[in-house]
Trainee: 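Before we start, here is the structure in question, set down as structure tokens.
One is the number of the first residue; the rest follow in order along the sequence. Heavy-atom basis, side chains included; hydrogens, waters and symmetry copies ignored.
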Amino acid sequence: MTQSFERLVEQQIQKAIAEGKLRGLEGEGKPLPDRSGEAFVDMATAVAARIMAEAGALPEEFKIKKLLDAAQQSYREAESEEAKRVAMALIADLEMRYNIAVEARRRFMGP
């Protein structure tokens, strides 16, 4: 059964190529986007987040995560103890906000 399904899929792909239906698609000729971060997220959440991102509407937790990554980079690059202390305070605040946003989404999405 699996082999016949694979053959059917391959036939459909070849048919689409022959008809030119796979030309001119967005991202053609470019590498696939890195979605390694989705490996540990359930499929429904990953798909929903991707659709929202493509529409330009990122959830709050994603925005906070970007800020958190930048703050961690800032900490790594900090040269003085004062700069490291300020960066660490920002990281602590952003981690707390990130965890709150994640928990809120989990509660909203349900079990």
Side-chain angles (χ1 to χ4, degrees):
M1 176 82 76
T2 303
Q3 289 179 344
S4 62
F5 180 71
E6 288 176 6
R7 258 184 281 147
L8 175 65
V9 169
E10 185 62 31
Q11 287 172 350
Q12 293 298 315
I13 291 171
Q14 292 303 321
K15 180 181 175 187
I17 290 171
E19 293 174 357
K21 292 182 178 178
L22 299 180
R23 288 197 188 111
L25 298 175
E26 181 181 343
E28 181 179 12
K30 298 178 185 174
L32 292 173
D34 178 22
R35 293 193 175 122
S36 57
E38 295 178 4
F40 304 106
V41 178
D42 66 280
M43 186 183 299
T45 302
V47 170
R50 191 175 323 128
I51 290 169
M52 290 172 59
E54 289 172 0
L58 285 176
E60 187 67 20
E61 69 188 85
F62 286 51
K63 295 174 187 175
I64 295 170
K65 179 69 170 135
K66 285 184 180 181
L67 292 172
L68 180 58
D69 291 343
Q72 290 169 339
Q73 182 64 32
S74 179
Y75 176 80
R76 286 189 290 274
E77 294 172 354
E79 295 181 7
S80 71
E81 288 302 315
E82 177 63 18
K84 286 187 178 199
R85 187 185 66 72
V86 169
M88 189 55 96
L90 179 59
I91 289 169
D93 178 60
L94 289 170
E95 282 180 339
M96 180 183 65
R97 291 173 50 202
Y98 175 76
N99 290 329
I100 290 170
V102 168
E103 183 62 25
R105 179 190 45 83
R106 286 185 181 148
R107 287 182 184 212
F108 178 76
M109 297 293 275

Trainee: Has E77 got more than 12 heavy atoms of other residues, nucleotides or ligands less than 6.0 Å from its CD?
Mentor: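 For E77, atom CD is crowded (more than 12 foreign heavy atoms under 6.0 Å).
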Trainee: Using the side-chain hydrogen bond (donor to acceptor under 3.5 Å, both in side chains) definition, which of the options Q12, R7, Q14 pairs with E10?
Mentor: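 With E10 as partner, Q12, R7, Q14 yield a single side-chain hydrogen bond (donor to acceptor under 3.5 Å, both in side chains), made by Q14.
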Trainee: Is M88 reachable from L94 through a run of I, L, V, M, F, W or Y residues, each pair having side-chain heavy atoms under 4.5 Å apart?
Mentor: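 Yes: a chain of side-chain contacts under 4.5 Å links L94 to M88.
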Trainee: Is there a chain of hydrophobic side chains (I, L, V, M, F, W, Y, each step under 4.5 Å between heavy atoms) that links L67 to V102?
Mentor: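 Linked within one cluster.
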Trainee: Looking at R85 and E81, does any basic side-chain N land under 4.0 Å from a carboxylate oxygen?
Mentor: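 No, this pair does not count.
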Trainee: So K63 and R97, side-chain contact (heavy atoms from CB on, under 4.5 Å) or not? Walk me through it.
Mentor: CA-CA 11 Å; K63 295 174 187 175; R97 291 173 50 202; over 6 Å; no
Trainee: Identify whether L22 and L8 are in the same connected component of the hydrophobic contact network (ILVMFWY, side-chain heavy atoms under 4.5 Å).
Mentor: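 They do not share one cluster, since no chain of ILVMFWY contacts under 4.5 Å joins L22 to L8.
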Trainee: Considering all heavy atoms of both residues, which atom of A83 and which atom of S80 are nearest to each other, and what is their separation?
Mentor: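 Heavy-atom minimum between the residues: N-OG, 3.1 Å.
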Trainee: For R23, is the CZ atom crowded, meaning more than 12 foreign heavy atoms sit under 6.0 Å from it?
Mentor: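 No, because the 6.0 Å sphere around CZ of R23 holds 12 heavy atoms or fewer from other groups.
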Trainee: Walk me through it: do E61 and I64 pass the test side-chain contact (heavy atoms from CB on, under 4.5 Å)?
Mentor: CA-CA 5 Å; E61 69 188 85; I64 295 170; 5.6 Å; no
Trainee: Taking all non-hydrogen atoms of both residues into account, name the closest pair between K84 and A78 and its distance.
Mentor: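 For K84 versus A78, the nearest heavy atoms are CE-O, 3.3 Å.
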Trainee: Check whether any side-chain heavy atom of M96 lies under 4.5 Å from a side-chain heavy atom of N99, and answer yes or no.
Mentor: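 In short, these two side chains do not touch, never coming nearer than 4.5 Å.
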Trainee: With hydrophobic residues grouped by side-chain heavy-atom distances under 4.5 Å, do Y98 and L90 end up in a single group?
Mentor: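 As far as the 4.5 Å side-chain criterion goes, L90 and Y98 are connected within one cluster.
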